[in-house]
Each structure stands twice: as structure tokens, then as C-alpha cells.
Amino acid sequence: MAANVKQEPVEDTDLETRVLLMCHQNPEGITDALIQEDMPHFDVKQRVTAINRLLSTGRIDLLKSSSGKLIYKLKDSSSQDAVKGSDQQEKVVYQIIKDAGNKGIWIRDIRFKCNLLLTQVNKILKNLESKKLIKAVKSVAASKKKVYMLYNLEPDRTVTGGAWYSDQDFESEFVEVLNQQCFKYLVQKAEAAKETKVDPIAQRNSSYASSHDVWKYISELGISKVQLSVEDIETILDTLIYDGKCERSIVVGAGDSDKSKKLYRAINPVIQSTGLMRMPCGSCPVFHNCYEGGAVSPTTCIYMKDWLQL
Amino acid sequence: MSKCRTYLCKAVLKEHFGDLAEKICLYMINKGCCHLRQIASETELPLDKVRKVLTALIQQNVIKFEKTKRGVVEYFVDIDVLLWRHRIPKFIHCAKSLYGDAAELLVEDIVYHGQIMMSKAVDNVTSKLNEALENAGHQKIGSSIVHDKFSLLAGSHFIRQCINGMETSEEELDERDQSTLYRVPPLHSTGKRKRSIDDSEQPAKRQKTDAPGDDGIYWKINSRRFHQYFRDQMFIKAISNRIDKRASTILQTMLRLSEVKTDDLCFTTQPLSFTEIFQAIPLDAGITRNLCEQYLTLMVDDSTNLVSKIGESGGGMFVVNIMKGLTSLCKAHLESVVQERFGSKSLRIFKVLLLKEHLEQKQIEEMAMIPSKEAKELLYNMFAQKFVSVTEISKTADHAPARTFYFFRVHMDQLARNILENCYKALANAMVKREAETIEHQ
């Protein structure tokens with residue numbers, strides 16, 4: 001009997017270490033069923049005491065998974081340090097914000113997740129903010145929406161809007177300038193190709209510029225204060241395609257990389273402006289109200305008069 | 001028929017044929033097929049006046065007629081022919097630039113008369129030319145020169161014989177008959193030998209009256225052939241804009257080779273082999289075999305899809321994709337309309353929609369890189385003027401706006417039709433304005 005009593009704590013610590021080990025192997029968390037499966041020789045009582053001890057010493061966390069089951073997760077030692085000295089509620093909120101990563105989390109969602117009152121959450125957030133543990137970032141998607149994330153994180157592109165936003169405002173002028181500069185580069189390239197190459201095909205091929213080339217050109221120009229990525233330049237070049245000023249072709253990377261390269265080149269428009277638009281009727285704002293004998297009519301039209309210089 | 005088209009018909013009728021014809025034709029356009037008495041009674045005009053107008057317009061190919069099963073002759077307006085009358089100056093200019101002054105006068109004379117016998121037209125033109133030549137102190141020319149021009153025009157199908165509507169209809173003609181439409185009868189002075197059957201039957205009578213050798217064969221303008229020519233010129237211009245002059249020369253050669261061979265409404269031209277194309281290129285264009293090959297590849301790769309390669313035989317078989325070419329030109333024109341009417345940023349949105357078909361507003365903003373507020377304004381402006389349309393897809397049956405996706409897209413066909421209507425109206429407006437100005441300054 002005495003031997004049994006003595007043995008129990010030993011087995012308990014054994015169970016604890018095994019649970020911790022399992023948590024370590026499964027960072028996503030483990031369920032009660034999983035523990036039971038792994039260690040069938042421990043009964044429910046033993047499991048409960050082991051887990052309770054782990055929870056009270058703050059080595060694992062008890063969380064609710066998306067499917068509604070309870071899961072146990074290894075507690076982060078870093079978060080442990082950061083919120084040291086704060087109370088349980090603060091720890092919970094901090095953990096929620098931490099889980100949201102660099103995408104941030106909205107205050108409403110925090111409330112739903114932690115089931116605390118709004119005033120409480122507000123107080124906690126203010127507390128954490130003053131401790132410089134978290135920060136509030138304004139999202140570009142909705143200007144009044146604040147999202148919270150850890151203080152040391154760089155906000156995600158979806159939150160800041162990437163290079164094209166400064167203080168939640170889309171920098172359309174910046175985009176326009178880049179658009180024009182990219183086009184200028186492509187036109188220069190096409191002209192150079194026309195002068196140096198005789199063969200029409202060689203002419204076309206050398207008028208192509210890869211997005212990397214354009215990126216290099218733009219970086220060297222130094223018009224941008226922020227560092228642009230090649231992908232950023234590609235979005236700009238795509239707008240040139242939509243403007244009908246250039247076309248894209250894709251070549252498979254030769255040898256050194258399997259990544260296909262995107263090539264762009266300036267193209268000439270097929271037509272000059274269409275006939276309809278060369279007379280006032282084409283862009284007339286009251287075109288549909290215009291009829292013979294009406295308030296607006298071709299015989300009394302002032303646009304026509306200007307156009308014909310009567 | 002649309003309101004704008006009728007409006008344009010009205011303006012054309014008034015300008016070309018006067019008020020009476022305008023009244024009668026407008027009635028006929030609204031009614032469709034109708035017989036003589038019906039027209040007279042409904043328009044409250046005397047029968048003989050209506051008859052005269054109809055005769056004149058039938059002569060001008062604007063009004064057609066057919067016999068119904070009950071034996072009544074019904075008249076109707078050929079609206080296409082009526083609207084094509086705008087293009088007459090272009091037809092005449094085209095004839096002049098292709099075949100010179102005599103051809104210009106010939107086309108002018110044929111258009112003026114609507115339908116005319118070759119001998120008459122040749123006579124008219126010869127005398128007109130001689131008059132001008134005499135005034136300038138040059139020597140007279142013979143009618144055979146004009147006749148040669150006439151043969152050239154007929155040979156390239158710019159003019160064609162009329163067929164008697166009471167005997168055969170256009171649809172009944174098979175291919176062989178089609179080719180006889182362009183056969184030029186010999187001029188009376190030189191044609192005696194060929195008309196040997198007639199000569200042997202009544203030689204005496206012919207000598208006396210000097211009946212023209214082409215009695216009963218009337219000629220008219222073949223508008224469709226002119227249109228085909230204009231269309232080809234459009235393609236050539238487009239390629240010249242897109243690639244360069246030499247590429248357009250090659251395309252021109254391809255179109256010229258298939259000009260008379262292919263029907264004007266087919267989707268692609270007859271296949272042409274590389275050798276065929278290369279040999280037909282004018283020598284002074286300075287295009288070598290290698291260059292020609294390269295340009296053809298360029299044109300095949302071009303986004304207008306005007307030229308395609310369909311086989312490898314004979315150094316590669318190529319066709320001109322008429323339909324695809326017209327579609328991309330049409331697109332270009334629509335884009336031009338958007339560009340001029342709404343500005344470059346709207347054009348960007350428009351093109352994003354053209355390329356990606358269905359898009360939500362948010363996606364459009366992102367792709368076109370236009371701030372949300374501005375994009376909304378531009379997009380809704382185009383939507384208000386029916387340049388883009390919206391498809392609603394609701395998640396629930398109640399179509400609540402919060403639970404509905406709104407997809408924007410461009411309906412090309414619909415938009416093209418709309419723009420065509422606008423063109424009709426703009427053209428009619430210009431005509432009305434011209435009319436008003438002339439009256440004012442008389």
C-alpha cells in the first residue's frame with residue numbers, strides 16, 4: 001500500500017512530461033482523446049490531476065478549438081515573459097492578439113473570443129498599449145476600423161495596402177508617375193530596338209523588357225521613397241496593359257531557374273481616334289435629348305457651331 | 001428598325017431625293033412591304049406621282065419589288081442601299097485612286113443614273129473627257145480607252161450587271177451565274193464579230209439603227225465590293241500602325257490575291273501559301289524572302305489575330321482572319337469612344353472589364369489601381385451611359401443588397417450596336433445641320 005502511495009507522484013510527473021512532449025510535437029494543440037489514446041494505462045483521475053497541475057503552473061494552455069473541442073497547447077515562454085505580472089484577463093487578451101499575427105484583430109472580435117465586457121477589454125487594451133506590448137493600426141479597408149497587433153510586428157499588406165498607401169490614402173499620383181515612367185522606359189527600349197536591329201523579329205524581341213529590368217530602372221531613378229518590389233512594378237505594368245499601351249508575354253526561364261519570366265513591351269495603337277469622336281456629337285453630354293425641333297437640336301447646336309467655326 | 005436609323009434614312013431621302021420621296025419612303029419604311037394603291041391612299045398622294053417616285057427610286061436601286069403569290073407586286077425600301085448612298089463620294093474617290101480619271105467619271109455616271117447600259121456610260125464619259133481635253137488643248141481620246149477602264153472596274157467586281165427582279169432573285173444565282181454578272185460585253189464598234197449570231201440574223205437592221213451591242217444589259221455599282229475594299233484598307237492601315245509599312249505591304253498582297261476569289265462576307269480568306277504570297281509582293285517594296293517570313297510570323301503573333309497560319313505545306317499556309325480582324329478593330333473603336341468620352345482612367349477600367357469579363361467593384365479598383373472613390377465615380381458614370389452592365393447574383397432569395405454580389409461586365413455586341421446607333425444619329429445631325437446652314441446662307 002505504502003509503495004503504491006509513494007509511486008503515484010512519480011507516475012504523475014511522468015504523465016506530465018509525456019503530455020508536454022506531446023504538446024511539443026503538436027504545436028496545433030492536442031485533445032483529451034489524443035492523450036487517452038496515447039497513454040491508455042493512466043485513468044481519468046490521473047490525467048485530470050496532471051493537466052490541472054500543468055495549467056496552474058502555466059506550462060500549457062486550455063483553449064477551445066474551432067470545432068468546439070477543448071485542446072491543450074504548449075504555452076509560449078516569450079508571451080509568458082511579456083505579460084508577467086499582469087492578471088489572467090490581460091494574458092488572455094494578449095494571447096488572442098498574438099494569435100492574430102500581423103493581420104491584426106478588430107476589437108469586436110477580441111470581445112467575442114475572450115467573452116469579456118467591452119469596458120474591460122478597453123481597459124486591458126489601453127493597459128497593454130501603454131506597456132508597448134501591442135499597437136493599434138488603422139486599416140486601409142475601412143478607415144475607422146482599428147486593428148490591434150503585437151508592438152514589434154510589421155503590419156500585413158492587406159492592412160496597410162502595401163506601397164501604394166500612405167496613411168490610409170491611396171497615392172494615385174505616385175501610381176500615375178510610376179505608370180508614366182514605366183511606359184517611358186518601354187518606349188525608349190522599343191525605339192532603341194528599332195534603330196539598332198534590322199530584322200523585324202529581332203526588333204520585336206529586343207523591345208521586350210522583363211519586369212526585373214523595369215524594376216531596376218525605377219529603383220535607380222529614385223522617384224520612390226519606399227522600397228518597391230518586383231511584384232509592385234508588375235502591378236504597375238499591368239495597368240499599362242489595361243491602358244492598351246503595352247503587351248505582356250511570358251517566357252520560360254532558361255536553365256538557371258524554372259520560374260517563368262514576364263516580359264513587357266510597348267505597342268502602337270491600331271487606330272487613330274474613331275470617326276464618331278472627331279465630331280461634337282461623339283462626346284456631347286445632351287446627345288440623347290437632341291432632336292429636331294427640341295430644346296437641343298442639331299440646327300441650334302452650339303458645339304457644332306464651334307466645331308465648324310461658323 | 002431603330003429610331004436613329006429611321007432618322008438618318010429621313011435625312012438621306014430628303015437630301016438625295018426631295019420631300020415627296022421622303023414622305024413615300026418613310027411610310028414604306030414604317031410599313032414594310034406594300035403595294036402601289038396602299039401607298040397612294042395612305043400618303044394621300046395622287047397615284048401617278050407615287051408611281052413616278054417609285055420608278056425613280058427603283059432606277060436608283062433604293063426601292064425593290066417582288067411579286068407575291070397572289071400576283072400583286074409589292075414594293076419595299078432597301079434600307080442598306082439607301083444608307084450606303086453616303087459612301088458614294090468615297091466610292092468615286094476609290095475608283096479614281098485605283099484606275100484614274102476615266103474610272104472616276106464612269107462610277108460617277110453609273111451612280112448618277114442608278115442603272116445604265118455600258119455603251120451609254122462609255123459614251124457619256126468619253127464625251128465628257130473629250131470636252132475637258134479640248135478645253136485644255138489636248139487631243140481627243142477614243143471610247144475604247146474608257147471601255148478598257150470599264151472592263152477593269154467590272155473585272156475587279158466594282159461594278160456589276162443588274163438582274164431582272166421579276167425573273168430571277170439574287171438568292172437563286174449559283175456560282176457560275178455570279179461570274180457572268182461581271183462579264184463585259186464588247187463595245188458596239190468593236191463587238192460585231194462576237195455578236196455573229198445576231199449579225200447573221202438581222203444584219204441590215206442593225207447597221208441602220210446602230211443598236212448598241214449591249215442592249216438590255218444594265219450596270220450598277222457593286223457596293224459590297226467597295227465595302228470589301230474599304231475593309232481591306234482598314235486592315236492594311238491597322239497593321240501599318242501596329243507593325244510597320246512593310247508588314248502592311250505583305251498584308252495588302254495577301255488581300256489582293258484573295259480579293260475576287262473569296263466571298264465578301266466569309267470569316268477567313270482562301271488559304272495562301274508562302275510561295276504564292278512572296279511571289280506576288282511588288283519588287284520595289286524591297287522585301288526579301290527572309291523578311292517576308294519574319295513579318296508573317298510577326299503578324300501571326302500579333303494580338304489583332306489578323307493573320308493565322310493554318311498549315312505547313314508550300315512553306316506555310318496563311319489566311320487572313322476577316323472576322324477576328326474586324327472584331328479587334330471594333331474593339332479598338334469602342335475603346336477609342338470610351339477614351340474620348342470618359343477619359344483614360346475610365347478606359348483602363350473598361351479594358352480591365354474587357355479582359356477579365358466579370359468583376360466586382362473592389363477587384364476593378366485593385367486591378368486598375370484607381371482609388372476607390374474615383375473608381376466608383378468613373379464606373380458608375382459608364383454604367384449610367386450603358387457602357388458597362390451589372391449582373392446581380394444573390395446568395396439568398398430575397399435579393400437583399402448586403403447579401404448580393406454585383407458583377408460588372410462589358411457586353412461588346414450590345415455596346416457596338418449602341419455606338420452604331422449613335423453614329424447614325426450623329427451623321428443625321430451633321431446632315432441636318434448642313435441643310436440648315438445652306439438654307440441660312442442662300
Side-chain angles (χ1 to χ4, degrees), chain A residues 140-141 161 164-165 169-172 174-176 178-179 194 198-204 235-236 238-245 247-249 267-285 287-288 290-292 297-301 303-305 307-308 310, chain B residues 7 234 237-239 241-244 246-247 290-291 294-295 297-298 301-304 328-329 331-337 339-342 344 347-352 354-355 365-374 385 419 422-423 425-433 435-437 440:
Chain A
V140 284
W164 317 124
Y165 287 85
D169 284 328
F170 184 80
E171 291 223 49
S172 58
F174 179 48
V175 171
E176 270 326 286
L178 280 179
N179 175 295
K194 212 161 203 177
V198 189
D199 279 9
I201 290 208
Q203 239 176 51
R204 179 191 63 177
T235 42
I236 292 283
D238 281 344
T239 63
L240 275 175
I241 296 178
Y242 303 138
D243 284 343
K245 286 175 182 167
E247 67 181 11
R248 183 174 63 188
S249 113
I267 49 168
N268 300 320
V270 189
I271 54 158
Q272 261 77 50
S273 76
T274 182
L276 175 64
M277 287 316 182
R278 282 184 233 150
M279 69 179 286
C281 292
S283 43
C284 177
F287 185 67
H288 294 288
C290 172
Y291 54 92
E292 208 37 40
S297 77
T299 40
T300 57
C301 180
Y303 301 115
M304 284 256 204
K305 206 168 168 180
W307 179 51
L308 299 166
L310 291 170
Chain B
Y7 179 51
M234 251 161 40
K237 187 89 197 296
I239 284 296
N241 283 341
R242 176 55 69 90
I243 304 177
D244 63 10
R246 284 187 291 187
N290 185 22
L291 266 183
Q294 294 201 0
Y295 272 117
T297 325
L298 270 188
D301 288 348
D302 193 77
S303 55
T304 46
S328 36
L329 276 183
K331 239 184 217 169
H333 278 282
L334 291 184
E335 280 161 16
S336 166
V337 169
Q339 160 102 45
E340 304 287 324
R341 206 180 164 100
F342 302 100
S344 327
L347 175 68
R348 193 184 293 170
I349 295 178
F350 185 79
K351 282 206 74 158
V352 168
L354 268 187
L355 289 170
E365 286 160 16
E366 273 165 23
M367 288 188 174
M369 311 239 346
I370 297 174
S372 169
K373 204 175 158 196
E374 199 183 345
Q385 301 197 24
I419 299 293
N422 288 358
C423 289
K425 188 165 175 184
L427 181 54
N429 278 349
M431 290 178 76
V432 168
K433 179 74 181 165
E435 170 90 18
E437 285 301 319
E440 198 184 315

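Here is the naming used below: chain letters follow the sequence lines, and residue numbers restart at 1 for every chain. Note that the structure is a prediction, hence the values are computed from the model and not measured. All values below were derived from every heavy atom in this structure, side-chain atoms included, with hydrogens, water molecules and symmetry-related copies excluded.
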Item checked: Flag side-chain contact, heavy atom, 4.5 Å: L347(B) against R341(B) -> no
Margin query: For chain A, which candidate among M367(B), E335(B), K373(B) shows the most heavy-atom pairs at distances under 4.5 Å?
Written below: M367(B)
Notebook entry, point to check: Is there side-chain contact between C281(A) and W307(A), with at least one heavy-atom pair below 4.5 Å?
Noted result: no
Check: In terms of heavy-atom proximity below 4.5 Å to chain A, should S344(B) be classed as side chain, backbone, both, or neither?
Finding: backbone
Item checked: Segment of L355(B) engaging chain A (4.5 angstrom heavy-atom cut-off) -> side chain
Check: Excluding sequence neighbours, so at least two apart, what forms side chain to side chain contact (heavy atoms under 4.5 Å, CB included) with E340(B)?
Finding: S273(A), M277(A), S336(B)
Item checked: P269(A), part contacting chain B, at a heavy-atom distance under 4.5 Å -> backbone
Check: Under a 4.5 Å heavy-atom cut-off, does chain A meet the side chain of I370(B), its backbone, both or neither?
Finding: backbone
Next item on the list: Heavy-atom distances under 4.5 Å only: say whether I201(A) touches chain B with side chain, backbone, both or neither.
Entry: both
Item checked: Top of P280(A), P200(A), S283(A) for chain B proximity - count of heavy-atom pairs under 4.5 angstrom -> P200(A)
Check: Which bit of Y7(B) is near chain A, if near means a heavy-atom gap under 4.5 Å: side chain, backbone, both or neither?
Finding: side chain
Check: What residue in Q385(B), K351(B), E435(B) has the most heavy-atom pairs under 4.5 Å with chain A?
Finding: K351(B)
Notebook entry, point to check: In terms of heavy-atom proximity below 4.5 Å to chain A, should A430(B) be classed as side chain, backbone, both, or neither?
Noted result: both
Check: Of all of E440(B), M431(B), R242(B), which one pairs up most often with chain A through heavy atoms under 4.5 Å apart?
Finding: R242(B)
Notebook entry, point to check: Checking heavy atoms, do the side chain of A332(B), its backbone, both or neither come under 4.5 Å from chain A?
Noted result: both
Notebook entry, point to check: Side chain, backbone, both or neither: which part of D243(A) has a heavy atom under 4.5 Å from chain B?
Noted result: both
Note to self: If you count every heavy atom of other residues, nucleotides or ligands that lies below 6.0 Å from F287(A) atom CZ, does the total exceed 12?
What the structure shows: yes
Next item on the list: State, with a plain yes or no, whether a side-chain heavy atom of C301(A) is found less than 4.5 Å away from one of K433(B).
Entry: no
